[in-house]
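Chain identifiers are assigned alphabetically (A, B, ...) following the order of the sequence lines, protein sequences preceding nucleic acid strands; residue numbering begins at 1 within each chain.
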There are 2 protein chains.
Amino acid sequence: MIFTVDPSSPVPLFEQLAASVRSELGRGLAAGERLPAARDLASSLEVNIHTVLRAYQLLRDEGLVDLRRGRGAVVTAQAAGYSPVTAIVTQLVTEATRLGLDQDSVISLVRKEFAS
Amino acid sequence: MIFTVDPSSPVPLFEQLAASVRSELGRGLAAGERLPAARDLASSLEVNIHTVLRAYQLLRDEGLVDLRRGRGAVVTAQAAGYSPVTAIVTQLVTEATRLGLDQDSVISLVRKEFAS
DNA sequence: ATATTGTTCTATTACTAATAGAACAAGTGC
DNA sequence: GCACTTGTTCTATTAGTAATAGAACAATAT
């Protein structure tokens, strides 16, 4: 469970960290597991504890973790099926279908966009 | 050719405007056509001319328009391939990246949506 | 020539990110 | 019960960016 941030990126640190946690949610990180204590993670990432807590609170607002004093940040059950991009994917496929683009064409566009 | 911005949105005005132009590129706005003069658009949107010019310069950096003094902002030939689907794909990949989802995860979601 | 239109420059204001330190409160574990 | 852990809240400072404003400039169009 390794989280990273890049201080030289224009993306805010707390957003980078939240993104890093979400990324782990799709892999090994399961419901009930604990994230590192904010003070520990802040120390190892060399960022302020407030920055870590802001990322945690963002994830809490999204329903991905529970925060409790003394216990820390715990991955929720609903975090497993969480996908905020689903709405956009639905819109994309609807529009593509309307214009006569098939699955492979769309996936090709996605790959190209990721590569750019 | 109607462009809009929402001053109450947390998204920067120049980014909103660039997104609005990109959206039009897929619908009706063809290569060689001129965008409104920055001063005119700034006036009608009630934003600063510098804000409009920043959006235009962003679009120029993306290769979607050419900027020339006296002539204004002209849609490039390359922009023609910028379909509504491309716009949505850009939005999708941007959002996915922000949330820490990688290419394979996104493509998996697209396949699932096509299958449904 | 003159008007149009983007470019560049300085400057100000407002907002946000990130940091820092301290005190506090709720939960854990012996 | 008591010490420890860990998130919460508060004030404060610094740095960076968005947006605005105004002016002068330079290339292009008509």
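Residue Arg60(A) has no polar side-chain atom (N or O) positioned under 4.0 Å from OP1 or OP2 of dG7(D). Dashed line: the shortest gap from a side-chain N or O of Arg69(A) to OP1 or OP2 of dT9(D) is not under 4.0 Å.
Among all heavy-atom pairs drawn from Gln16(A) and Val11(A), the shortest one is NE2-O, 2.7 Å. Heavy-atom minimum distance, Ala18(B) versus Leu58(B): CB-CD2, 3.9 Å. For the residue pair Val21(B) and Leu29(B), the shortest heavy atom distance occurs at O-CD2, 4.5 Å.
Residues Phe14(A) and Val52(A) form no side-chain contact, since every pair of their non-hydrogen atoms from C-beta on lies 4.5 Å or further apart.
For Arg39(B) and dT28(D), the CZ to C1' distance is 13 Å, given to the nearest whole Å. Between the CG atom of Leu58(B) and the P atom of dA18(D) there is a distance of 11 Å, rounded to whole Å. Rounded to a whole Å, the CG atom of Asp66(A) is 17 Å from the P atom of dT6(D). Atom P of nucleotide dT5(D) and atom CZ of Arg34(A) are separated by 12 Å, given to the nearest angstrom. Whole-Å rounding puts the Arg68(A) CZ to dT28(C) C1' distance at 13 Å. We find that CG of Leu35(A) is positioned 13 Å from C1' of dG7(D), with the value rounded to whole Å. Protein atom CG of Leu41(A) is 14 Å distant from nucleotide atom C1' of dG7(D), rounded to whole Å. Note: CG (Asp6(B)) to C1' (dA19(D)) measures 15 Å, nearest angstrom.
Residue Leu67(A) is classed as a sugar-phosphate contact, given heavy-atom separations below 4.0 Å to backbone atoms only.
The closest donor-acceptor contact from the side chain of Thr94(B) to the backbone of Thr90(B) lies under 3.5 Å. Distance alone, capped at 3.5 Å, places no donor-acceptor pair between the Glu95(A) side chain and the Ile88(B) backbone. Judged purely by atom type and a 3.5 angstrom limit, Arg34(A) has no side-chain atom pairing as donor or acceptor with the backbone of Gly72(A).
Not a single donor-acceptor pair, N or O on each side, falls under 3.5 Å between the base of dG7(D) and the side chain of Arg71(A).
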Nucleotide by nucleotide, nucleotides 12-20 of chain C touches protein heavy atoms under 4.0 Å in the pattern (B base, S sugar-phosphate only, - none) -----SSBB
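Axis angle, first five pairs versus last five pairs of the helix from dA1(C)-dT30(D) to dC30(C)-dG1(D): 40°, rounded to 10°.
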Inset, instruction - For the pair Glu33(A) and Val74(A), evaluate side-chain contact (heavy atoms from CB on, under 4.5 Å) and give the outcome as yes or no after the intermediate values. - result: CA-CA 6 Å; Glu33(A) 284 194 62; Val74(A) 181; over 6 Å; no
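Scored by the side chain to side chain donor-acceptor pair (under 3.5 Å) test, Asp102(A) finds Ser105(A) as partners (sequence neighbours excluded).
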